[in-house]
Amino acid sequence: MSDAPAGDTPPGPAVADRPGDHWDRKVAQGLAFLRRRLAGDYEVDEFGFDPDLTDAVVHPLVRLLYRDWFRTEVSGIEHVPAEGAGLVVGNHSGTVALDALILSTALHDRHPARRYLRLLGADLVFRMPVVSEIARKTGGTVACNPDAERLLGNGELVGVFPEGFKGVGKLYSDRYKLQRFGRGGFVSAALRTGTPIVPVAIVGGEEIYPMLADIKPLARLLKLPYFPVTPTFPWLGPLGMVPLPSKWLIEFCPPIPTAHLRDSADDPLVVFNLADQVRETIQQTLHKLLERRPDPFGP
């Protein structure tokens, strides 16, 4: 028997779970989104970031991947600042850089403050039609120190993958081995703004498109950083672009403070040592996560 007094409506699920309610809400949300777009009732910041489009279109699509297809588990979210600037530094992989989108959406969904991650991307991303627009609309900008420092100075949460295309385009035989972190520009940006650095380790991206070979002459012809050969691409054509359903683990590590080192932003030794500390933290965390996930395609 119900504990509710006679005449009272029992709480919650009985009403919320009526058939069709879910789709009714989806349709209502879609119509409200269209009204806002047609009326121009949305805001875009100086970098082109469109939170309304991100929340209504991009995050729901990526959510299907990270939650249902990749079965992503997120830990250490408490290490991401609840407010103010933070620089999230992760490992890069996957042949196609889905890890950036997965990280951004998972962080937004799991963080109590629902924070957006403003991703820094390579020049090539912002030279590609459509991709460039999507990157801008979802909060991305070119990976350069001036833009990074402006975002951090505005108290934003900024994400960077220092391996760049060397990480995304490495062979499957080199999976989960971090590549060189460049000249440490991300460290300089953090030091100049006194921003804490939050290392994050991502396991799962290496298996979605296992890269068996790189056809370098074709890559040069197409002006791409690499041309991948995977077990499914190019053999299956467009079907080869469907990512394999690997199990993903994302762990945010304790933040590394930088405020006490602001005067050392131009000291190469300090920058190198801090970049090396971040890299080693991510690499050791990757080893730990791989022990937790012995089967790449397990539950």
Side-chain angles (χ1 to χ4, degrees), residues 26 29-30 32-34 36-38 40-70 72 74 77 80-81 83 85-111 113-144 146-165 167-168 186 189 198 200 202 204-205 208 241 243 248 250 252:
K26 290 292 185 185
Q29 290 168 359
F33 172 73
L34 289 175
R36 291 195 302 274
R37 305 309 289 191
L38 291 172
D41 186 20
Y42 59 93
E43 295 183 358
V44 177
D45 74 4
E46 59 181 313
F47 291 92
F49 177 41
D50 186 339
D52 185 53
L53 181 71
T54 301
D55 287 341
V57 179
V58 179
H59 280 175
L61 291 175
V62 179
R63 192 172 292 126
L64 294 174
L65 277 178
Y66 100 77
R67 186 184 60 195
D68 301 325
W69 190 247
F70 295 138
T72 307
V74 179
I77 196 70
V80 179
E83 58 183 18
L87 184 64
V88 178
V89 182
N91 59 296
H92 220 7
S93 64
T95 306
V96 176
L98 286 181
D99 50 6
L101 293 173
I102 298 295
L103 177 65
S104 180
T105 305
L107 190 155
H108 180 264
D109 283 2
R110 302 297 177 87
H111 197 284
R114 308 281 286 181
R115 300 203 66 180
Y116 295 105
L117 187 64
R118 309 297 297 272
L119 294 167
L120 304 179
D123 291 350
L124 176 63
V125 172
F126 296 95
R127 293 200 303 266
M128 298 171 67
V130 181
V131 174
S132 172
E133 280 298 307
I134 294 173
R136 291 282 186 191
K137 292 290 188 182
T138 55
T141 189
V142 178
C144 64
D147 279 8
E149 290 174 27
R150 281 167 62 201
L151 285 167
L152 294 172
N154 291 339
E156 299 284 357
L157 200 60
V158 176
V160 63
F161 297 91
E163 293 172 281
F165 286 120
V168 183
F186 71 96
V198 182
V200 59
I202 305 170
I208 59 173
M241 295 301 294
W248 283 50
I250 299 175
F252 296 93

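Since the structure is predicted, the reported quantities are computational estimates derived from the model, not experimental observations.
For P60 against A56, the heavy-atom pair with the smallest separation is CG-O, 3.5 Å. Of all the heavy atoms in G140 and F126, the pair that sits closest is C-CZ, 3.9 Å. Residue G90 comes nearest to P162 through the heavy atom pair O-CD, 3.6 Å, listed as atom of the first residue, atom of the second, then distance. Looking at every heavy atom in both residues, L101 comes nearest to V62 through O-CG1, 3.6 Å. Summarising the geometry of A148 relative to A189, their closest heavy-atom pair is CB-CB, 4.1 Å, with the distance given to 0.1 Å. Across all their heavy atoms, R115 and E156 have their closest contact at NH2-C, 4.0 Å.
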Assess whether side-chain contact (heavy atoms from CB on, under 4.5 Å) is satisfied between D99 and H92, documenting all intermediate values. CA-CA 7 Å; D99 50 6; H92 220 7; 3.0 Å; yes
Let's go through L119 and S104 carefully: what are the C-alpha distance in whole Å and the side-chain angles of both, what is the deciding distance for side-chain contact (heavy atoms from CB on, under 4.5 Å) to 0.1 Å, and is it a yes or a no? CA-CA 8 Å; L119 294 167; S104 180; 4.2 Å; yes
Before you tell me yes or no, could you show the steps for V74 and F252 under side-chain contact (heavy atoms from CB on, under 4.5 Å), namely the whole-Å CA-CA distance, both residues' side-chain angles and the distance that decides it to 0.1 Å? CA-CA 8 Å; V74 179; F252 296 93; 3.8 Å; yes
Walk me through it: do F161 and I202 pass the test side-chain contact (heavy atoms from CB on, under 4.5 Å)? CA-CA 11 Å; F161 297 91; I202 305 170; 4.1 Å; yes
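Between the OH atom of Y66 and the CG atom of L103 there is a distance of 11.0 Å, given to the nearest 0.5 Å. Expressed to the nearest 0.5 Å, how far CD1 of I134 lies from CG of D50 amounts to 12.5 Å. D123 CG to M128 CE: the interatomic distance, rounded to the nearest 0.5 Å, is 13.0 Å. With values rounded to the nearest 0.5 angstrom, L87 atom CG is found 7.5 Å from L120 atom CG. Note: K137 NZ to S132 OG = 11.0 Å, rounded to the nearest 0.5 Å. With rounding to the nearest 0.5 Å, the separation of CG in L107 from CG in L157 is 6.0 Å.
Under the 4.5 Å side-chain criterion, counting only non-hydrogen atoms from C-beta, W248 is in contact with I208. Between I102 and I250, some side-chain heavy-atom pair lies under the 4.5 Å cut-off. Using a 4.5 Å cut-off on side-chain heavy atoms (C-beta onward), Y116 and D55 make contact. A 4.5 Å side-chain heavy-atom check between L53 and R37 finds at least one atom pair inside the cut-off. Side-chain atoms of F186 and V158, non-hydrogen and from C-beta on, never get closer than 4.5 Å to each other. By the 4.5 Å heavy-atom criterion applied to side chains, V96 and P243 are not counted as neighbours.
One finds no salt bridge joining R118 and D147 here, because no Lys/Arg side-chain nitrogen approaches an Asp/Glu carboxylate oxygen to under 4.0 Å.
Residues R136 and T141 bring a donor and an acceptor atom of their side chains to less than 3.5 Å of each other.
Of the listed residues (T72, D109, T105, D68), just one forms a side-chain hydrogen bond (donor to acceptor under 3.5 Å, both in side chains) with R63, and that residue is D109.
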